Amino acid sequence: MVDSYRPDRQRGDQASTHKAGSDKENTPQTKYSLDDLKYLMQRLRDPEFGCPWDLKQNFESIVAHTLEEAYEVADAIERGDRNDMQDELGDLLFQVVFYAQLGQEEESFDFNDITDGITRKLLRRHPHVFPDKNLRAFHPEGTHFTDDQIKGQWESIKAEERELKAQLKPKNNNEDRPEGILKDVPRTLPALNRAEKLQKRAAQKGFDWTEIASVFEKLEEEVAELKVELQIAEGKSLREPDVHSRLTDEMGDVLFCCVNLARFLKVSPEEALRSTNKKFETRFEY
């Protein structure tokens with residue numbers, strides 16, 4: 001019961017703004033705020049009065065839930081269901097609040113730190129909107145930036161951020177080499193998305209095809225190599241470790257090249273495949 005929760009047990013930045021048995025509980029017409037959600041999260045994690053399941057969780061254990069919620073948001077958007085979208089966005093927001101609560105408990109960061117960090121990052125990355133990283137400032141009337149200027153600024157800022165992150169990272173005596181430009185592309189991304197990000201990052205350093213015809217040629221080459229491996233495996237089980245390993249390697253090359261082709265066509269491979277999945281599902285069910 002709400003009334004059994006003692007005000008003196010409330011912790012964090014919400015302690016002074018919530019009272020046990022608050023009138024808000026009796027006025028459903030009043031919309032709950034972000035502060036209310038943060039307070040709810042504190043209650044769920046209360047060692048004595050909280051939820052046993054929530055108390056067992058840590059950063060690692062809720063990652064799978066976070067990924068699932070993100071995909072459910074994408075699914076609601078794809079279906080054009082605004083009610084579902086609102087609900088799923090709430091679930092995704094709760095994940096952020098959960099991480100913030102865990103960070104606050106171990107005194108590494110809190111929700112305000114997250115908000116401050118993302119605001120500063122976006123101010124830094126949008127000099128064409130916020131002059132001098134000033135949230136309230138505007139460029140003089142008539143100021144115009146071309147797409148190339150904006151892209152150049154973006155790439156320069158990202159490079160500076162990577163350099164700064166490398167400087168702040170604790171030194172490892174076993175690694176004398178500087179971190180590569182691909183180091184901060186998250187390994188936990190879905191493989192299709194990560195392949196696209198890796199290719200885009202490499203392209204910024206000039207490691208790219210000069211024309212789409214070359215990409216098609218490379219794709220044909222990779223498909224041919226896959227066919228060769230199939231011929232070599234003729235008469236053997238495709239589950240045989242050595243055969244499976246070689247086929248997996250060649251199939252990966254084909255898929256990686258397909259992502260490259262999608263990038264040249266200015267098509268999101270993830271979006272394209274999701275669309276095809278939906279098309280197949282519709283046709284098959286019919």
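The structure displayed is predicted, hence computed values, not measured ones.
- Summarising the geometry, atom CD1 belonging to I114 is positioned 5.0 Å from atom CZ belonging to F109; distances are rounded to the nearest 0.5 Å.
- Listed by chain and residue number, E106 satisfy the side chain to side chain donor-acceptor pair (under 3.5 Å) test with S108 (two or more places apart in sequence, or in another chain).
- At a threshold of 4.5 Å between non-hydrogen side-chain atoms, the residues K38 and D35 count as touching.
- Residues K151 and D147 are not paired through a salt bridge, judged by the lack of any N-O separation under 4.0 Å between the basic side chain and the carboxylate.
- Taking hydrophobic clusters as Ile, Leu, Val, Met, Phe, Trp and Tyr residues chained together by side-chain heavy-atom distances below 4.5 Å, L92 does not share a cluster with I118.
- Smallest separation of non-hydrogen atoms from L219 and V254: CD1-O, 4.0 Å.
- With a 4.5 Å cut-off on side-chain heavy atoms, Q104 and M41 do not count as touching.
- With sequence neighbours excluded, the residues forming a side chain to side chain contact (heavy atoms under 4.5 Å, CB included) with D249 are D253, listed by chain and number.
- In terms of modelled atom types and a separation under 3.5 Å, the side chain of S156 and the main chain of G152 share no donor-acceptor contact.
- For the residue pair V63 and Y99, the shortest heavy atom distance occurs at CA-OH, 3.4 Å.
- Each ring pair (Phe, Tyr, Trp, His ring centres under 6.0 Å) pair with one or both residues in residues 256-286, not counting sequence neighbours, appears once here: F280-F284.
- Between F98 and L44 there is no side-chain heavy-atom pair separated by less than 4.5 Å.
- Under the 4.5 Å side-chain contact rule for hydrophobic residues, V129 and F145 do not share a cluster.
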Are D91 and V73 close enough, and set up right, to give a side-chain contact (heavy atoms from CB on, under 4.5 Å), and what steps lead you there? CA-CA 9 Å; D91 291 342; V73 168; over 6 Å; no
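- Side-chain contact between V96 and F111 is present, with heavy atoms from C-beta onward closer than 4.5 Å.
- The heavy-atom pair separating G50 from L55 by the smallest distance is C-CD1, 4.2 Å.
- Between Y71 and P190 the shortest heavy-atom distance is OH-CG, 2.7 Å.
- Cluster partners of V259 are L192, L273, counting Ile, Leu, Val, Met, Phe, Trp and Tyr whose side-chain heavy atoms approach within less than 4.5 Å, directly or via other members.
- Taking both residues in full, the closest heavy atoms of L182 and L198 are given as CD2-O, 3.8 Å, listed atom of the first, atom of the second, then distance.
- Partners of S237 under the side chain to side chain contact (heavy atoms under 4.5 Å, CB included) rule, at least two apart in sequence or in another chain, are R239.
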Under the side-chain contact (heavy atoms from CB on, under 4.5 Å) rule, what do V228 and I232 come out as? Steps first, then yes or no, please. CA-CA 6 Å; V228 169; I232 295 174; 4.0 Å; yes
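- With respect to D242 and K236, no salt bridge is recorded, no charged nitrogen being found less than 4.0 Å from a carboxylate O.
- Ion pairing of E161 with R125 is present here, as a side-chain N (NZ or NE/NH1/NH2) and a carboxylate O approach within less than 4.0 Å.
- No more than 12 heavy-atom neighbours from other residues, nucleotides or ligands sit within 6.0 angstrom of CG on D132.
- Salt-bridge check for E222 with K218: passed, with a basic side-chain N closer than 4.0 Å to an acidic carboxylate O.
- The shortest distance between side-chain heavy atoms of L261 and F216 falls below 4.5 Å.
- The main-chain N or O of V185 is found under 3.5 Å from a side-chain atom of R194 such that the two form a donor-acceptor pair.
- When the options Q101, E105, Q57 are evaluated for a side-chain hydrogen bond (donor to acceptor under 3.5 Å, both in side chains) with R45, the one that passes is E105.
- Under 3.5 Å, the side chains of S33 and D36 contain a donor-acceptor pair of N or O atoms.
- Counting heavy-atom neighbours within 6.0 Å of H139 NE2, excluding the residue itself, gives a total above 12.
- Taking CZ from R162 and NZ from K165, the interatomic distance works out to 9.5 Å, rounded to the nearest 0.5 Å.
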Begin from the C-alpha positions of E196 and K200 and carry the test salt bridge (Lys or Arg N to Asp or Glu O under 4.0 Å) through to its verdict. CA-CA 6 Å; E196 183 181 20; K200 286 182 176 180; 3.6 Å; yes
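- Nearest heavy atom pair, residue I62 against residue L102, reads CD1-CD1, 4.2 Å.
- By the rule that hydrophobic residues join a cluster once side-chain heavy atoms approach within less than 4.5 Å of another member, F59 and L67 end up as members of one cluster.
- Note: K205 NZ to E155 CD = 9.5 Å, rounded to the nearest 0.5 Å.
- Taking CD of E250 as the start and NZ of K227 as the end, the distance is 13.0 Å to the nearest 0.5 Å.
- Under 3.5 Å, the side chains of Q149 and Q153 contain no donor-acceptor pair of N or O atoms.
- Atom SG in C257 sits 8.0 Å away from atom CD in Q199 (nearest 0.5 Å).
- A salt bridge does not link E78 with K278: none of the charged nitrogens is closer than 4.0 Å to a carboxylate oxygen.
- At a threshold of 4.5 Å between non-hydrogen side-chain atoms, the residues P127 and I157 count as touching.
- Of the N and O atoms on the side chains of N277 and R274, not one donor lies less than 3.5 Å from an acceptor on the other residue.
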Derivation of the side-chain contact (heavy atoms from CB on, under 4.5 Å) call for E229 and E225: CA-CA 6 Å; E229 288 298 336; E225 291 180 4; 6.0 Å; no
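- Grouping the Ile, Leu, Val, Met, Phe, Trp and Tyr side chains by contacts below 4.5 angstrom, directly or via other members, places F138 apart from L122.
- Side-chain N or O atoms of S275 include none that pairs as donor or acceptor with a backbone N or O of E271 at under 3.5 Å.
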Only distances under 3.5 Å count here; give the side-chain donor-acceptor pairs of residues 80-90 to other protein atoms, sequence neighbours excluded, each with its distance to 0.1 Å.
unit_1	atom_1	unit_2	atom_2	d
D81	OD1	N83	N	3.2
D81	OD1	D84	N	2.9
D84	OD2	R79	NH2	2.8

